[in-house]
Amino acid sequence: MRHTGMRWFVSIASAVVFAGSAAFASDAAKLVQRLKAVAKPDVGITKKEREVAEQLQALGAKAVPLLLPLLADKNTAIRELASYTLRDIDGLTEEHLDALIDSARHGDGWIPPAIARVGTPRAVAFLVEELVRTRETENQLTWAIEMLGKKAVPLLLEVFRSEDGWDDALERTMYEVFRSLGAKAADAVDPLVTLACDEAAPDPMRARAILTLGAIGSAAQRTAPRLSKLQDSTSPVIREANWSALIDTHSAEAVPILTTWLQNPPDRDAAKYHMRTIGTLGSQGIDAGSLVVRYLHDLDWDMRVEAAHTLGRIGYKNAPNELVECLARADDWRLVFRAAEALGRLKIKEAIPSLTDISTAHWYLPVREAALRAISAINGEAVPEQNEPSKADTDDPFYLESVGQNLDSLDEKEVARLPLSAMRVADRAVRVRTQGEDGLAHVEKLRGIPVDGGHLVAADRGEWGGYIGFVGADQNLHVLTEENTQSIYKTGDGTLAVTGLAHLSFNSGFVYQIRQAAADSGSPRNGAHCPALLVPHDC
């Protein structure tokens, strides 16, 4: 009886398992049919497609055999959705690799991460080979390499040991891949520094190894003492790669190089770049502090701002009085902002009275908020970072939007705090003769305001440039300065023009005061530096 009972129990259990398997197979089959139905040849993945993909992914390894045949479907949209689904599904193994590789070779862009999930030596080899073949970045293939992490490092290093096939595209691709790997590429550091220091190796090969150490970043910082010795190399290729790597690894050994450049820059833009780079070194750049302080008094507006920002980022505490003095600048809100931020980072208690005044009396809201954050930081309260390099910079005209505020006009109380007594004057349409690139004369309408003897006009053409101009009785344009100009105003402080450009990496602006003589001399005088958002563009 016991034996019979056991058989009965086993039979019941088998029936339950069979019934469950059948139900699963039915559900999976329905989802595959649903996938075929919703797959559309649209750009990107639609909401419906994503929902079906997630349901199939939840089934895991058991759904893989149903999806693999779809990679060979005649319908491109079905193939794409199937590859998208396989990209993030668990349970892929070596037995599925042939189908996945065949799909990748036919151009299915979602597949590389699926191959990375297999993760076997053959999978790794295929992905690295594809990387070298395609030489492209920021796609599913480079994401797949990042997923592999340290598994990809040995084969990636093999690429560096050969001089064959290198070009700018491959160099750029390899640097970006190692940059994305970061600390995951730690196993590559010693082989790369050995290659970098190998005087028997060709200079281009050594330079690539050095630059790749820089791409790895802080994880390669320990190589700085060995790399710094290469700065005496007779090869300019090696020296240039070397200083770049020292900077990118945030090494203290980069400071002497940067300070030398900062003392003798070829131009102002280079000086700002070197100053900003010192800031990226963080505490490793503290030895540059005494030089950076000098730039708080520079004639260049942007250099003063960069200096204040850099002092806070490198943790230089030996110039508190100079930073506090910057808080009193009524003509440059950005300098006040950066000085307040730096004083907060440095936790300078002596600055609290001045910061308190700024937090209540300054006319610009972000500056008042920066002062409040600085006071909180000095008092030891946890304050979220607002201006790390990876986030929107305060000089960005969309900074306020990035922190959840709107770019609103000033209210009456805020306008009363302005050092300028502004008066809105309506623009007039002025017909102007200009000479085009074709050498022919053209007539165009520009915004302008009347002045003695004619009109001042403004042009803002974005990246194509603009100007402030004077149009006399002859209706010809006389350009005073080539600056993108949003508006011109008559105020109690004279005629002011608001200029500036925010485009990609460019972002600058000034208020120019235009004297009557400027119509003849073409030399408007620099006025107060203020954010373009203060002046309505439609005046």
*Side chains of H250 and Q221: do they bring a donor and an acceptor to under 3.5 Å?*
no
*asked:* Could you tell me if the side chain of D287 sits less than 4.5 Å from the side chain of T259, heavy atoms only?
replied: no
_Just to verify, what does R50 make a side-chain contact (heavy atoms from CB on, under 4.5 Å) with, not counting sequence neighbours?_
I45, K47, E54, Y84
*side chain to side chain contact (heavy atoms under 4.5 Å, CB included) partner of L281, the single match among I314, L258, T310*: L258
*Take F337 and D332 through the side-chain contact (heavy atoms from CB on, under 4.5 Å) test and state the conclusion after the steps.*
CA-CA 9 Å; F337 184 101; D332 192 346; over 6 Å; no
*Kindly determine whether N484 and T499 satisfy side-chain contact (heavy atoms from CB on, under 4.5 Å), including the steps that lead there.*
CA-CA 6 Å; N484 280 289; T499 73; over 6 Å; no
*Taking the six-membered ring of W166 as reference, does the NZ or CZ atom of R208 fall below 6.0 Å from its centre and within a 45° cone about the axis?*
yes
*Under 4.5 Å between any side-chain heavy atoms of R179 and I216, yes or no?*
no
*Return the minimal non-hydrogen interatomic distance between A207 and I238, and the atom names on each side.*
N-CD1, 4.0 Å
*Identify the heavy atoms of S359 and L372 that sit nearest to each other, and give their distance.*
CB-CD2, 3.6 Å
*Gap separating the OG atom of S244 from the CG atom of L227, nearest 0.5 angstrom*: 11.0 Å
*Tell me, do E483 and Y467 make a side-chain contact under 4.5 Å, heavy atoms counted?*
no
*asked:* ring-ring contact (aromatic ring centres under 6.0 Å, His included) for W333 and W363? Distances and angles first, verdict last.
replied: CA-CA 9 Å; W333 71 270; W363 59 269; 7.4 Å; no
*Nearest heavy-atom neighbours spanning L195 and R206*: O-CG, 3.5 Å
*Hey, is D167 close enough to R135 for a salt bridge, meaning N to O under 4.0 Å?*
yes
*Please test L323 against L311 for side-chain contact (heavy atoms from CB on, under 4.5 Å), starting from the C-alpha separation and ending with a verdict.*
CA-CA 9 Å; L323 283 170; L311 290 171; 4.1 Å; yes
*asked:* Measuring only between side-chain heavy atoms, which start at C-beta, is V237 closer than 4.5 Å to P204?
replied: no
_Measuring from atom CG of L155 to atom CG of L127, what distance do you get when rounded to the nearest 0.5 angstrom?_
10.0 Å
*Is it true that D298 and R268 have a side-chain N and a carboxylate O under 4.0 angstrom from each other?*
yes
*Thinking salt bridges, do D190 and R222 make one under a 4.0 Å N-O criterion?*
yes
*asked:* Assess whether a salt bridge exists between R338 and E341, defined as any Lys/Arg side-chain N lying under 4.0 Å from an Asp/Glu carboxylate O.
replied: yes
*Is there side-chain contact between L86 and W110, with heavy atoms separated by less than 4.5 Å?*
no
*Hey, could you give me the CG/CD distance between L327 and E325, rounded to the nearest 0.5 Å?*
10.0 Å
*Above 12 or not: heavy atoms from other molecules or residues under 6.0 Å from NZ of K347?*
yes
*Above 12 or not: heavy atoms from other molecules or residues under 6.0 Å from OH of Y175?*
yes
_Shortest non-hydrogen contact between L181 and G149, atoms and distance_ = CD2-CA, 3.8 Å
_Do I375 and T356 have side chains that approach each other closer than 4.5 Å (heavy atoms only, starting at C-beta)?_
yes
*asked:* How long is the straight-line distance from CG of L192 back to OG1 of T212, given to the nearest 0.5 Å?
replied: 6.0 Å
_Treating E49 as the side-chain partner and T46 as the backbone partner, does any N or O pair qualify as donor plus acceptor under 3.5 Å?_
yes
*Hey, are the side chains of L92 and I115 touching, using non-hydrogen atoms and a 4.5 Å cut-off?*
no
*Hey, mind stepping through W301 and R334 against side-chain contact (heavy atoms from CB on, under 4.5 Å) and telling me if it holds?*
CA-CA 9 Å; W301 298 78; R334 298 186 310 153; 4.2 Å; yes
*Please determine if K272 and E306 form a salt bridge, counting it only when a charged side-chain N lies under 4.0 Å from a carboxylate O.*
no
*So how far is it from Q140 CD to M147 CE, rounded to the nearest 0.5 Å?*
9.5 Å
*For residues S233 and S235, is any side-chain donor paired with an opposing acceptor at under 3.5 Å?*
no
*Under 3.5 Å donor-acceptor, K150 side chain and A186 backbone*: no
*asked:* Assess, by modelled atom type and distance only, whether the side chains of D357 and S354 contain a donor and an acceptor separated by less than 3.5 Å.
replied: no
*In Å, rounded to the nearest 0.5 Å, how long is the span from OG1 of T223 to CD of E253?*
9.0 Å
*Does some side-chain heavy atom of W261 sit less than 4.5 Å from a side-chain heavy atom of Y273?*
no
*Specify the closest pair of heavy atoms between A196 and A209, including all atoms of both residues, with the distance to one decimal.*
N-CB, 4.1 Å
*asked:* Give me the atom names and distance for the closest heavy-atom approach of A152 to V124.
replied: CA-CG1, 4.0 Å
